[in-house]
Amino acid sequence: MTNRIVVLLCAICLWAQHIVAAEVSTGNWNIIPLPSQVNEIKAKGFTLKDGCTVRVSETGNESENMHRNARMLINGVANAVNIAMTESSKKRRGEVVLSLDYTLADEQYSIKADSRSVIVKGGSAKAVFYGIQTIIKALPANCQNIKKVTLPAVQISDSPRFAYRGFMIDESRHFFGVDYIKCVIDMLALHNINYFHWHLTDDQGWRIEIKKYPKLTQVGSWRKESITEAGGNNFDGIPVSGFYTQDEARQVIAYAAERYITVIPEIDLPGHMLAALASYPELGCTGGPYEVATRYGVFDDVLCGGNNATMQFAKDVLQEIMDIFPSEYIHIGGDECPKKIWKNCPKCQAKITELGLKDIEGHSKEDQLQTWMMAELEKVINSRGKKMMGWDEILEGCPSKTATVLAWTSVDASVRAARQGHNTIVCPISNFYFSNRHWNKLTGIESLKHVYELDPVSDKLQSPDETSLIIGAEGCIWTEWVKDGEKLEWELLPRLAALCEVQWTRRDLRNLDSFVERLRHMQHIYAARGYRYRKDLLPD
Ligand code: ACM
Ligand code: ZN
């Protein structure tokens, strides 16, 4: 045989091997977030291939959700590998069965895979959706040449550690729009996140249509330029604008709901209100003029706490917000509200006198004026059967115990909030602010570890009464320095994977080495979906 023929035969062999290897693959149930129990069974696994069916078996009163779940599974499989499934009502070998089992908790699901079928059972359609996410993540990613996947025989039982698994995006500083926010919601859904906290108003822009106050968007959604660096004095001369009409907000809410994500709106008050003050200067203590902020930080000009018209404005805005957002939680901010101007405002001081507020240890009378404002607004929120949320500064004035606190300033703030009897969400700037410029300098595994190793339940909390008040954790991206999706995704991914395991997986099962091992596959999923994740944390 001549050398040329040998080379040719070798090439044909390699090519043939490639074809075989490219067509069949094996799934891996060790996904992110790691399920509570994954017991692989020594038996033949399930062969997923063209013609496999999805059957919705038990739908309770969630028929629409369960059939949508079936479509999500079919699309998720088709996007990952080259396998076409169909929905069928006929029982047969080679099927994935989706069903409800009311003995399971609301977000609990199980998966049983063997050579006959894959059976997903959930305590609700939402739980079944998490089972579907697990199946999709167990598949090879970005493998359009794969026509068959063997899913190892397994019995999985899974439920989340925390009921509240949130992520916040600030759209005041920069605006992203409906299509991109839907992409972000897809990213959150991939990580089993169930609350999208939408920061819609701040000093630099008002981003939600309020019909009773049209100037909020006519004036307040536009700023003429932005500062180019923190603490600097140069501006870029580029206007920033944009807002969501109420219909657009409803589209986002519906899209998120199909992925079992509740959208929590935030109207941040009484501080961080320059965009509203620029629109309606009479809402401030001095009457202005005010301008939509072009710098970042904390501003002394805030809503007047003593003006009845200002309170009416806030109540009206919240009523419209509650008409749009079905969320049980309504976030009204409460952070970073300087009291300097209130000290010299006759209206604020008259209100303080009228309410009989006095300085007490740790809480000035102006702090208590803010607490009174928040409490008045909480009544409006409660009257619609909803719950108020606020940043942890609301603790400065003894808020009502029914308020849910987002502890952002420190982990200790979460300890204080829980000790004071509040349902508490842990989102410290030190670890869960993905836009924190200081921590963003961390590279490689250190950066992931910084998120992964913070436990939301501080060791300082001891009694079950206290620890049970930590209802979850949230990551945040503030967008002062995030002008586009590329930067947003760089900040979000892959650290969102670390956060989701903190939110979902049992504490005793969390292990950084195992997480990093599993993260490679998650990165392949990101790549397959075109997500622009940060590449230097974990090389592929
Ligand atoms: C915040 O970061 N001011 C909540
Ligand atoms: Zn005032």
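These figures come from a predicted structure and were not determined experimentally.
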Can we say [X] and [Y] salt-bridge, meaning some charged N sits less than 4.0 Å from an Asp/Glu carboxylate O?
X: Asp186; Y: Arg529; value: no
X: Arg507; Y: Asp459; value: yes
X: Lys343; Y: Glu366; value: yes
X: Arg116; Y: Asp114; value: no
X: Glu480; Y: Arg173; value: yes
X: Asp513; Y: Arg518; value: no
X: Arg534; Y: Asp536; value: yes

Which of parallel (below 30°), tilted (30 to 60°) and perpendicular (above 60°) describes [X] and [Y]?
X: Trp391; Y: Trp408; answer: perpendicular
X: Trp481; Y: Tyr296; answer: perpendicular
X: Tyr329; Y: Tyr164; answer: perpendicular

Would you indicate whether [X], at its atom [atom1], is surrounded by more than 12 heavy atoms from other residues, nucleotides or ligands within a distance under 6.0 Å?
X: Lys386; atom1: NZ; value: yes
X: Arg520; atom1: CZ; value: yes
X: Glu64; atom1: CD; value: no
X: Glu328; atom1: CD; value: yes

Distance to the ring centre below 6.0 angstrom and angle to the axis at most 45 degrees; does that hold for Lys126 and Tyr130? no

Is Arg510 close enough and on-axis enough to Tyr452, meaning under 6.0 Å and within 45°, for cation-pi? yes

What verdict does the side-chain contact (heavy atoms from CB on, under 4.5 Å) test give for Ile381 and Leu318, after you've listed the backbone C-alpha separation in whole Å, the side-chain angles of each residue and the deciding distance to 0.1 Å? CA-CA 8 Å; Ile381 293 169; Leu318 289 180; 4.2 Å; yes

Could you tell me whether the side chains of Arg259 and Asn194 share a donor-acceptor contact shorter than 3.5 Å? no

I would like to know whether Lys137 and Asn192 meet side-chain contact (heavy atoms from CB on, under 4.5 Å); could you show each step before the answer? CA-CA 12 Å; Lys137 284 185 264 190; Asn192 295 10; 3.7 Å; yes

Carefully, step by step, assess Ile360 and Gln368 under the rule side-chain contact (heavy atoms from CB on, under 4.5 Å). CA-CA 9 Å; Ile360 53 171; Gln368 293 175 69; 3.7 Å; yes

